[in-house]
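Structure, as structure tokens:
All values reported here derive from a predicted model rather than from experimental measurement.
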Amino acid sequence: MTKVSRLALLAFVSFGLASCNGQKHQSGSAPTAGASVGQASVSAAPSSTAVAEVQRLNPVVTEEAIARITNPSNRPPYTGATGSVVGVVKMTGDAPTPLDLQGFSIPEGRCDGARALYASAFREGPGRTLADALVAVTRYDAYLPPPSAPIRVEMKDCGFSTRTIALMFGQTLRVANVGGEAGAPDLLGQRSAALLVAVPGGDPIDLHPQQVGLHRLIDRSHQFAFADVYVLPYPTFAVTGLDGRFEITGIPVGTVKLNALLPANGATVERDVTITKDGKVDVGVLELSFDAKKYAELMAAQRAQVKPVDAKEQAERLAKAHELATSLVQAARSASTANQSPPPPPAGSNN
């Protein structure tokens with residue numbers, strides 16, 4: 001390895017598992033306070049042993065466990081005719097209100113990307129198109145196996161590339177750091193004894209959700225950063241960008257159910273759709289509604305259940321996290337330089 005950008009930096013961090021596992025996530029809530037970071041041992045240029053250790057501490061879900069959830073009847077994979085559905089998700093009702101980060105704050109003078117990403121309760125594009133909406137197709141009579149390709153999410157400017165992530169149980173969540181600061185991506189509510197640090201430009205971090213349901217991806221070095229992660233037992237879904245558009249392919253033919261969800265407030269809309277062989281159904285515009293008053297009441301109820309974040313404690317945690325990230329990057333650079341150094345001359349050589 002000749003460059004730091006080629007290093008897959010692995011950090012095994014001792015932190016309070018009881019503190020981490022005590023955090024409860026509620027749909028639509030802001031991230032809760034994370035566990036403090038302790039001592040770390042680093043393998044800057046990981047060997048196969050180091051990779052095996054990561055797999056042991058952050059295990060991949062077994063095929064048997066995946067099948068129990070996604071294919072309990074042990075049906076063969078569907079090979080029949082399929083079609084697709086396309087459309088646009090838009091917002092109606094009140095304009096988005098500011099997002100309540102529940103005690104966390106975004107540093108001034110940096111993290112502009114995160115400031116834009118987490119400014120409002122939800123993100124809109126031109127014409128009130130809705131970003132970060134989860135659109136899914138269900139109610140078909142067939143088994144579709146998990147796609148082999150991972151779901152890629154990028155870290156940049158102290159935030160993630162989306163606020164909503166969807167993947168099928170058995171798929172890998174791949175987090176790539178394309179920004180200028182190291183980060184520590186982690187899934188809340190999932191037991192893990194290893195915290196992996198994503199180095200800027202380095203190899204991506206692979207996370208393997210251990211169960212179906214709603215999770216939350218956070219960055220322990222920027223504790224205001226989050227994304228809702230929906231782990232589903234089927235692969236027919238999409239997440240909208242700022243243009244609100246979605247396309248879901250590979251849907252078995254027949255009458256199916258199409259649903260759209262805004263995680264911020266739980267608003268949903270559904271339609272029955274008939275899928276035909278090689279056909280593309282355009283459902284037009286799906287509208288979700290936002291009620292600012294009800295959203296404020298929801299946030300107030302959630303704040304009442306969350307321990308307030310002490311400003312001094314938060315500052316100390318962020319400082320420790322940044323110190324750890326900096327030391328890990330420096331260790332990687334030192335190891336990279338050492339790997340490039342020529343071997344010492346033989347004994348008795350004049351060179």
Side-chain angles (χ1 to χ4, degrees), residues 51-52 54-56 58-87 89 132-154 161-162 164-176 187 189-190 204-215 217 227-241 245-261 263 268-283 286:
V51 173
V54 169
Q55 295 298 343
R56 184 183 72 80
N58 291 312
V60 177
V61 184
T62 65
E63 293 184 2
E64 293 78 7
I66 296 170
R68 282 197 299 270
I69 299 298
T70 63
N71 190 21
S73 301
N74 196 29
R75 305 173 67 180
Y78 179 77
T79 57
T82 63
S84 60
V85 60
V86 298
V89 183
D132 310 308
L134 173 62
V135 186
V137 171
T138 59
R139 305 278 181 88
Y140 46 82
D141 184 20
Y143 163 62
L144 300 177
S148 59
I151 297 296
R152 178 184 169 94
V153 177
E154 294 183 345
S161 53
T162 179
T164 301
I165 302 166
L167 66 158
M168 185 175 178
F169 186 51
Q171 270 188 296
T172 297
L173 175 58
R174 179 160 293 172
V175 185
L187 279 176
Q190 178 167 297
I205 299 298
D206 284 350
L207 301 173
H208 307 282
Q210 301 294 303
Q211 58 187 7
V212 170
L214 175 58
H215 304 257
L217 177 67
D228 291 314
V229 180
Y230 289 85
V231 182
L232 306 171
Y234 49 84
T236 46
F237 52 76
V239 175
T240 61
R245 295 188 177 277
F246 66 89
E247 179 175 4
I248 303 173
T249 61
I251 307 169
V253 297
T255 300
V256 299
K257 187 73 68 176
L258 176 69
N259 291 272
L261 165 72
T268 61
V269 62
E270 71 175 34
R271 289 188 186 177
D272 289 327
V273 178
T274 299
I275 303 296
T276 58
K277 180 180 179 181
D278 299 326
K280 179 180 289 189
V281 180
D282 188 342
V283 297
L286 301 176

Subject >> Check against side-chain contact (heavy atoms from CB on, under 4.5 Å), T236 and T138 >> reply: CA-CA 7 Å; T236 46; T138 59; 5.6 Å; no
Subject >> Stepwise side-chain contact (heavy atoms from CB on, under 4.5 Å) check, L214 with D228 >> reply: CA-CA 7 Å; L214 175 58; D228 291 314; 4.1 Å; yes
Original post:
Just by modelled atom types, is the R152 backbone N or O under 3.5 Å from a matching donor or acceptor in the E154 side chain?
Top reply: no
Original post:
Distance-only, no hydrogens or angles: does the T164 side chain make a donor-acceptor pair with backbone N or O of L134 under 3.5 Å?
Top reply: no
**OP:** Mind listing the closest non-hydrogen atom pair of P233 and V212 along with its distance?
**Re:** CD-CG1, 4.1 Å
Original post:
Between I275 and S84, which heavy-atom pair has the shortest distance, and what is it?
Top reply: CD1-O, 4.1 Å
**OP:** Nearest 0.5 Å please: distance from the CD1 atom of I165 over to the CG atom of L217.
**Re:** 5.0 Å
**OP:** Decide if atom CZ of R271 counts as having more than 12 heavy atoms of other residues, nucleotides or ligands within a radius under 6.0 Å.
**Re:** yes
Original post:
If you measure from CZ on R139 to CG on N259, what distance do you get to the nearest 0.5 Å?
Top reply: 7.5 Å
Subject >> V135/L258 under side-chain contact (heavy atoms from CB on, under 4.5 Å): CA gap, chis, key distance, verdict >> reply: CA-CA 7 Å; V135 186; L258 176 69; 3.6 Å; yes
Subject >> Note, L144 side chain near P252 side chain (heavy atom, < 4.5 Å) >> reply: yes
Original post:
Any side-chain heavy atom of P146 within less than 4.5 Å of one from I66?
Top reply: yes
Original post:
Which distance, rounded to the nearest 0.5 Å, do you find between the CD1 of I251 and the OG1 of T82?
Top reply: 8.5 Å
**OP:** Please report the closest heavy-atom contact between F169 and V231, naming both atoms and the distance.
**Re:** CA-CG1, 3.7 Å
**OP:** Working to the nearest 0.5 Å, report the span between CZ of R174 and NE2 of H208.
**Re:** 8.5 Å
**OP:** Verify side-chain contact (heavy atoms from CB on, under 4.5 Å) between V137 and V273, making sure each step is shown before the conclusion.
**Re:** CA-CA 9 Å; V137 171; V273 178; over 6 Å; no
**OP:** Measure across L207 and V175 and return the closest heavy-atom pair with its distance rounded to 0.1 Å.
**Re:** CD1-CG2, 4.2 Å
Subject >> From I151 atom CD1 to M168 atom CE, the distance as rounded to the nearest 0.5 Å >> reply: 11.5 Å
Original post:
Between the main-chain N or O of A65 and the side-chain N or O of T62, is there a donor-acceptor pair closer than 3.5 Å?
Top reply: yes
Original post:
Any donor and acceptor pair, going by atom type alone, linking the side chain of T240 with main-chain N or O of D132 inside 3.5 Å?
Top reply: yes
**OP:** Considering non-hydrogen atoms only, spot the tightest contact between V283 and G87 and give its length.
**Re:** CG2-CA, 4.0 Å
Original post:
Counting only heavy atoms not in K280, do more than 12 sit closer than 6.0 Å to its NZ atom?
Top reply: no
**OP:** First locate atom OH of Y234, then atom OH of Y140, and finally report the distance between them rounded to the nearest 0.5 Å.
**Re:** 7.5 Å
**OP:** Measure the shortest side-chain to side-chain distance between V253 and T276 over non-hydrogen atoms and say whether it is less than 4.5 angstrom.
**Re:** no
Subject >> Smallest separation among heavy atoms of P209 and H215, with atom names >> reply: CB-NE2, 4.4 Å
